[in-house]
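Counting starts at 1 for both ligands and their atoms, in listed order. One-based numbering along the sequence shown.
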Amino acid sequence: MIDKRKVIPRRTFIAGLASSAGLTLAGCGETEPPTYGNLLRMGDWVTYKAHRLLLPEQALAREYDLGDISAMPATGTVNPGDDQQTFFDPVHGPEFSRVQSSGFDDWRITVEGSVDRPGVFSLQDLQKMPSRTHITRHTCEEGWSAIAQWTGVPLSTVLYACGMQSQARYVWFHAYDSWIDSIDMNDALHPQTILAYGMNGRQLPLSHGAPLRLRVERQIGYKSMKYLRKIVVTDNFADGGSSVHIDDGWSWYNGI
Ligand SMILES: Nc1nc2c(c(=O)[nH]1)N[C@H]1C(S)=C(S)[C@@H](COP(=O)(O)O)O[C@H]1N2
Ligand SMILES: [Mo]
């Protein structure tokens, strides 16, 4: 026979789970994990906490040798200026075609939000900054992986150059297609997180995100956004909803 007193009504259980998560959060004082205020999204929170507990903040993703470089398919958008692409953006797609036709001479990226000195950078500006090159494995959520060499400027260098404010906790990226997504400060300041303009010793090809893409090596493939146009630093978390494919079941946090 079931002891009635031991049966916790489902609703009470859920409320308790949510509030104990809230308590843990309040107590830990570090970067707030994504809960979306939605129980179905608690899996993200568990992944986030487990990953942050298991890996030291600055642990490096494995780096490979030149001989390990493999073929890498281009996926998702392969040309943001092409209106037949799934993620074509009617405003920024044509703008991309325009800057592409100047050989990206007219291309600029803006850095704004919680920074003392909002910045506008050309490709040459970024290429003059100290660069980092590494060979890493890209893992796509669709089940393939590939090894490539990436060259670019550490995101931290650009953020500090713009006087990033100390309360800032997230960095948002806007692309020339309809992609917008964010990462937390641990990933943003990670030494392997770079704004990449080179791939396998050459200029970044169009299909892989030219002229500038993000490489965030401790996250799954879709966090490495291609075709960057704007970076926004903020102290508020928002999951980005459908713009970051939450509706398709893609979690905001996806450490690997
Ligand atoms: N702007 C933008 N960034 C993007 C995508 C995209 O479609 N648009 N696809 C993502 C996904 S799912 C993966 S796996 C990688 C693919 O990078 P690649 O085309 O260089 O292989 O880019 C990511 N960044
Ligand atoms: Mo992907």
Are more than 12 heavy atoms, taken from residues, nucleotides or ligands other than Arg202, located less than 6.0 Å from that residue's CZ atom? no
Atom CD of residue position Gln203 - does it have more than 12 heavy atoms of other residues, nucleotides or ligands inside 6.0 Å? no
Which residue pairs pass the salt bridge (charged side-chain N to carboxylate O under 4.0 Å, His left out) test with at least one member in residues 121-138, sequence neighbours excluded? Glu63-Arg132
Which pairs with one or both residues in residues 95-111 pass salt bridge (charged side-chain N to carboxylate O under 4.0 Å, His left out), sequence neighbours excluded? none
Considering only N or O atoms, set out every pair between ligand 1 and the protein closer than 3.5 Å, with distances to one decimal place.
{"residue": "ligand 1", "atom": "1 (N)", "partner": "Asp177", "partner atom": "OD1", "Å": "3.0"}
{"residue": "ligand 1", "atom": "1 (N)", "partner": "Asp177", "partner atom": "OD2", "Å": "3.2"}
{"residue": "ligand 1", "atom": "1 (N)", "partner": "Lys226", "partner atom": "O", "Å": "3.0"}
{"residue": "ligand 1", "atom": "3 (N)", "partner": "Lys226", "partner atom": "N", "Å": "2.9"}
{"residue": "ligand 1", "atom": "7 (O)", "partner": "Thr77", "partner atom": "N", "Å": "2.9"}
{"residue": "ligand 1", "atom": "8 (N)", "partner": "Asp177", "partner atom": "OD2", "Å": "2.7"}
{"residue": "ligand 1", "atom": "17 (O)", "partner": "Arg213", "partner atom": "NH2", "Å": "3.2"}
{"residue": "ligand 1", "atom": "19 (O)", "partner": "Thr75", "partner atom": "N", "Å": "2.8"}
{"residue": "ligand 1", "atom": "19 (O)", "partner": "Lys226", "partner atom": "NZ", "Å": "2.6"}
{"residue": "ligand 1", "atom": "20 (O)", "partner": "His208", "partner atom": "ND1", "Å": "2.6"}
{"residue": "ligand 1", "atom": "20 (O)", "partner": "Arg213", "partner atom": "NH1", "Å": "2.7"}
{"residue": "ligand 1", "atom": "21 (O)", "partner": "Pro73", "partner atom": "O", "Å": "2.7"}
{"residue": "ligand 1", "atom": "22 (O)", "partner": "Arg213", "partner atom": "NH2", "Å": "3.4"}
{"residue": "ligand 1", "atom": "24 (N)", "partner": "Ser224", "partner atom": "O", "Å": "3.0"}

Taken in chain and number order and not counting sequence neighbours, the residues that satisfy side-chain hydrogen bond (donor to acceptor under 3.5 Å, both in side chains) with His208 are none
A side-chain contact here means heavy atoms from C-beta on lying under 4.5 Å apart; do Leu189 and Leu155 qualify? no
